[in-house]
Amino acid sequence: MLSYSKNDLIHYFQKIISEKNKEIEKYKLKNKSLEEKLSKIIIIRQSPDEDNKKQINFYDIIVHIDSVKDISKGWKIEMNENGKKNYEEFKNENILKLGVIGNANKGKSHLLSKISKINLPSGMTIKTEGLSIKYPEIQLKNKRKIVLLDSAGFETPVLISDIISRKNESNELFKEKSREKLITELFLQNYIVNNSDILLVVVDCLSYSEQKLLMKIKKERERVKERKPLLYVIHNLKTYITIEQVQDYINKTLLKSATFKLVLGNKDPNEKGIFFCEIPNDKKAKNEPAIYHLIYANEDSEAGKYYNPFTLKFIEQYYNY
């Protein structure tokens, strides 16, 4: 893999540091700021294993953010030739940043591929690492370039390899690793929210954990001072094959969620598909950009043919204008 200078990478991650939150504060070393720790970043020249080779063939930059605590010694960063050529473009205000967030195995990378028309690795056998960045070799109709921000799914399990087992301490070690994992996920989530122009949040059949995730994302978006991202919540109903099944989900789950109020969006009544707009719950959120809820069903089914083309077209019209 390629190796880059410390100064280049400090510059590249400067925006991450500027958006640090209170949870990350606990991982500061005494009398040293997070910025000082960042100056110690070490880029490791390594021979990637087969899984990493698959990833870097698709993504241009992979930042292996396994734990925020590792910033004191440096995260592993991999770049291919396209990543090396384009990573400075990330600071260009004219580049459109399209980010995706969601829990593990909800179809984030697959939907990002469909929306961007770029083949990204997806499926249960492919694990997206840390922060994964793609610079597609395409240009939008308005002559803007685009960068895709993908991430490891949230709420993945803590593995045995994450814990150094010691007698009578495994429970405490699990709790410690779980807290560390939660902070790392929040760090990744906040970074993507703060650096995206368009944000896709992928859920499947809405669950309690996904309601909590959406609430966190909306709160973080409220804290963004400039260029708040457009927010699309895509309900990826990949096991739903009929229009009746989808409509049942809409009526019994989506419209009855306690965490948001939805109104049916206006569109040509002869056009297939559907979208909902979320009504702000308080006055402060009235000036926030709209939040849209869209349906994506099983691709080879009656429901998929009815809902999916509209959903993809609806999102595309807001970035490919």
I need the [X] [atom1] to [Y] [atom2] distance, nearest 0.5 Å.
{"X": "Leu206", "Y": "Thr259", "atom1": "CG", "atom2": "OG1", "answer": "6.0 Å"}
{"X": "Leu231", "Y": "Arg221", "atom1": "CG", "atom2": "CZ", "answer": "5.0 Å"}
{"X": "Lys145", "Y": "Tyr135", "atom1": "NZ", "atom2": "OH", "answer": "10.5 Å"}

Using the rule given for salt bridge (Lys or Arg N to Asp or Glu O under 4.0 Å), can you reason through Glu185 versus Lys181, listing the C-alpha separation, both sets of side-chain angles and the distance that settles it, and then say yes or no? CA-CA 6 Å; Glu185 290 181 351; Lys181 189 172 181 298; 2.7 Å; yes
Tyr240: what forms a side-chain hydrogen bond (donor to acceptor under 3.5 Å, both in side chains) with it, not counting sequence neighbours? none
So, Glu316 and Lys313, do they make that salt bridge, N to O below 4.0 Å? no
Hey, is Glu299 close enough to Lys238 for a salt bridge, meaning N to O under 4.0 Å? no
Side chain Lys97, main chain Leu149, donor-acceptor under 3.5 Å: no
Check whether more than 12 heavy atoms from other residues, nucleotides or ligands sit under 6.0 Å from atom CG of Asn251, and answer yes or no. yes
For atom NZ of Lys219, is the number of surrounding heavy atoms from other residues, nucleotides or ligands below 6.0 Å larger than 12? no
Could you walk me through whether Asp150 and Leu148 pass side-chain contact (heavy atoms from CB on, under 4.5 Å), step by step? CA-CA 6 Å; Asp150 202 357; Leu148 311 178; over 6 Å; no
If you take all heavy atoms of [X] and [Y], which pair is closest and at what distance?
{"X": "Val246", "Y": "Ala303", "result": "CG2-CB, 3.9 Å"}
{"X": "Lys106", "Y": "Val202", "result": "O-CG1, 3.3 Å"}
{"X": "Thr311", "Y": "Ile295", "result": "OG1-O, 2.6 Å"}
{"X": "Ile61", "Y": "Gly83", "result": "CG1-CA, 4.0 Å"}

List in chain and number order the residues that pass ring-ring contact (aromatic ring centres under 6.0 Å, His included) with Phe276, two or more places apart in sequence or in another chain; answer none if no residue qualifies. none
Residues two or more places apart in sequence or in another chain: which of them pass ring-ring contact (aromatic ring centres under 6.0 Å, His included) with Tyr232? Tyr292
Take Leu294 and Tyr307 through the test side-chain contact (heavy atoms from CB on, under 4.5 Å) and record every step on the way to the result. CA-CA 9 Å; Leu294 297 140; Tyr307 292 102; over 6 Å; no
